[in-house]
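The structure under discussion appears below in the form of structure tokens.
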Amino acid sequence: MPELPEVEVVRRGLADHVVGRRFLSVQVHGARVARRHIAGPVDLVARLTGLGVHEASRRGKYLWLRLDGDQALVVHLGMSGQMLVEPPDAPREKHAHAIFDLDDGLQLRFVDQRTFGGLQLVDLVPDEVGATLEDAPRLVPSVITHIAPDPLEAAFEQEAVVRAMRRRRTQIKRALLDQSLVSGIGNIYADEALWRAKLHGERATDRLPLATLRGVLDEAAAVMTAALGHGGTSFDALYVNVNGASGYFERSLEAYGREGRPCRRCGTLIVRESFMNRSSFSCPHCQPRPRYRGLD
DNA sequence: AATGGTTCCTGGACGC
DNA sequence: TGCGTCCAGGAACCAT
């Protein structure tokens, strides 16, 4: 599933192969891919046609292309989204929901099997957070102003996040997955960060020492940086592939997906638990479940 | 107001 | 072999 490192790999691919190009024509297949675009798919196609692409940006799991007129094409990959750059005669993928003809003769295609992803065209606005007198606020799409900075961007303020976590009445894994608190972390990297920090995901945030909260955020940043180091080298010139990027790092995972296999720190078998209607993987020895029930 | 549960969707894995 | 069922999960949305 594309989390921050996989989305960053896609962003880099777009920066290399799409920035500097122009959309000569655009096709959108089906209404669902444009469901977040309030004015609808016909409007999306009409407004994108002819626009030039100036920059590929990312915050957390959101991608956007800055286009003419400080407009942004916001892209979310959902669970299965891919951005592919291919020759026009390449067979059309079954789930190619949007196709952009570029002015270099190639096509950019948005392919998404499970259709949780989507596209929308919105205005760029100054960011609410991270701006100082020295640094002008960065421009972000109007529809993602509620998404917090991610741990790998300059605007990320760890102390503010840690204090916000302490004020919350929630569990640490919920907090790590809350994109309005810290963005970019999904189920896989949440489990990896918690394993590294030796914390059970149900620990209450308001009972954890500040240093412990800093620690788990450091581990989240470290594991995502490591994953990026692997994924960043795995795509070729014409094929910007999310799945190819995440597949390589899979071998390095310590907790996620390792149910019944020994913890690589202590040898205890990794367990799987249902949490938030998701699977959570952890080491019962290194990451003991809190004695309190829930948050009480 | 803050928090947690529900829902959208497809296809691969699995059981019989 | 085929059919039904379960599962994966990001985040908007809704209920409390």
Side-chain angles (χ1 to χ4, degrees), chain A residues 1-8 10-11 29-38 41 58-64 74-83 93-98 110-120 122 140-151 161 163-194 201-207 220 224 227 242-243 245-247 249-250 253 255-260 272-281 292-296:
Chain A
M1 316 313 138
E3 300 181 29
L4 186 155
E6 294 77 26
V7 178
E8 173 61 14
V10 174
R11 188 203 66 78
H29 301 281
R32 187 168 163 82
V33 68
R35 68 193 181 285
R36 304 276 176 222
H37 186 77
I38 304 302
R58 181 190 57 74
R59 165 166 283 179
K61 303 168 196 170
Y62 280 89
L63 278 172
W64 66 91
V74 178
V75 180
H76 199 289
L77 300 174
M79 293 183 59
S80 56
Q82 293 172 278
M83 295 292 260
E93 294 78 8
K94 184 179 176 189
H95 301 287
H97 304 302
F110 179 73
V111 179
D112 184 17
Q113 181 183 97
R114 295 188 199 171
T115 75
F116 278 28
L119 308 174
Q120 58 191 137
V122 301
V140 299
S142 59
V143 290
I144 70 156
T145 54
H146 65 296
I147 300 296
D150 66 63
V161 174
R163 285 195 301 272
M165 283 183 167
R166 286 287 305 232
R167 288 194 298 269
R168 293 258 179 129
R169 293 273 299 162
T170 193
Q171 299 163 325
I172 183 64
K173 185 166 177 181
R174 286 183 183 276
L176 290 174
L177 293 173
D178 185 338
Q179 307 296 302
S180 69
L181 208 44
V182 50
S183 71
I185 304 171
N187 200 39
I188 296 173
Y189 293 109
D191 278 4
E192 293 302 300
L194 290 165
E202 295 180 29
R203 298 282 293 271
T205 54
D206 60 354
R207 293 178 178 222
M224 291 195 293
V242 172
N243 299 326
S246 57
F249 189 67
E250 212 172 288
L253 297 177
Y256 184 85
R258 297 194 70 246
E259 181 183 21
R272 165 154 68 164
E273 296 168 305
S274 186
F275 180 68
M276 294 173 72
N277 287 325
R278 300 283 181 267
S279 287
S280 285
F281 299 88
Y292 45 81
R293 291 290 296 170
L295 296 174
D296 298 324

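Below, chain A is the first sequence line, B the second, and so on; all start at residue 1.
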Nearest whole Å is fine: how far is [N] [atom2] from [X] [atom1]?
X: F275(A); N: dC7(C); atom1: CZ; atom2: P; result: 18 Å
X: F116(A); N: dT10(B); atom1: CZ; atom2: P; result: 9 Å
X: M276(A); N: dA8(C); atom1: CE; atom2: P; result: 14 Å
X: L176(A); N: dG4(B); atom1: CG; atom2: P; result: 14 Å
X: D112(A); N: dT10(B); atom1: CG; atom2: P; result: 10 Å
X: R35(A); N: dC9(B); atom1: CZ; atom2: P; result: 9 Å
X: K173(A); N: dG10(C); atom1: NZ; atom2: P; result: 9 Å
X: D178(A); N: dG5(B); atom1: CG; atom2: P; result: 14 Å

Respond yes when some side-chain nitrogen or oxygen of [X] is under 4.0 Å from OP1 or OP2 of [N], and no when none is.
X: K94(A); N: dG11(B); answer: yes
X: T170(A); N: dA2(B); answer: no
X: S279(A); N: dA8(C); answer: yes
X: H95(A); N: dC9(B); answer: no

Quick one: does any side-chain atom of H97(A) pair with a main-chain N or O of D112(A) as donor and acceptor, under 3.5 Å?
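Answer holds: yes.
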
With rounding to the nearest 0.5 Å, note down the distance linking [atom1] in [X] to [atom2] in [Y].
X: I185(A); Y: L177(A); atom1: CD1; atom2: CG; value: 7.5 Å
X: E6(A); Y: L77(A); atom1: CD; atom2: CG; value: 10.0 Å
X: R203(A); Y: T205(A); atom1: CZ; atom2: OG1; value: 11.5 Å
X: R272(A); Y: E259(A); atom1: CZ; atom2: CD; value: 5.0 Å

Should the pair H76(A) and Y62(A) be assigned to parallel (<30°), tilted (30 to 60°) or perpendicular (>60°) ring geometry?
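Plane angle over 60°, so perpendicular.
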
Please determine whether a side-chain nitrogen of the Lys or Arg among K173(A) and D191(A) lies less than 4.0 Å from a carboxylate oxygen of the Asp or Glu.
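A salt bridge links K173(A) with D191(A).
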
Below 3.5 Å between N/O atoms, which protein atoms pair up with nucleotides 11-13 of chain C? Just atom names and distances, please.
unit_1: dA11(C); atom_1: OP1; unit_2: H76(A); atom_2: NE2; d: 2.2
unit_1: dA11(C); atom_1: OP2; unit_2: K61(A); atom_2: NZ; d: 3.2
unit_1: dA11(C); atom_1: N6; unit_2: R278(A); atom_2: NH2; d: 3.2
unit_1: dA12(C); atom_1: OP1; unit_2: Y62(A); atom_2: OH; d: 2.6
unit_1: dA12(C); atom_1: OP2; unit_2: H146(A); atom_2: NE2; d: 3.2
unit_1: dA12(C); atom_1: O3'; unit_2: R36(A); atom_2: NH1; d: 3.2

Residue mapping more 5' on DNA chain B - nearest nucleotide basis, R168(A) or Q113(A):
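Result of the comparison: R168(A).
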
Between dC7(C), dG4(B), dC9(B), which nucleotide has the shortest distance from any of its atoms to the side chain of R272(A)?
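It is dC7(C).
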
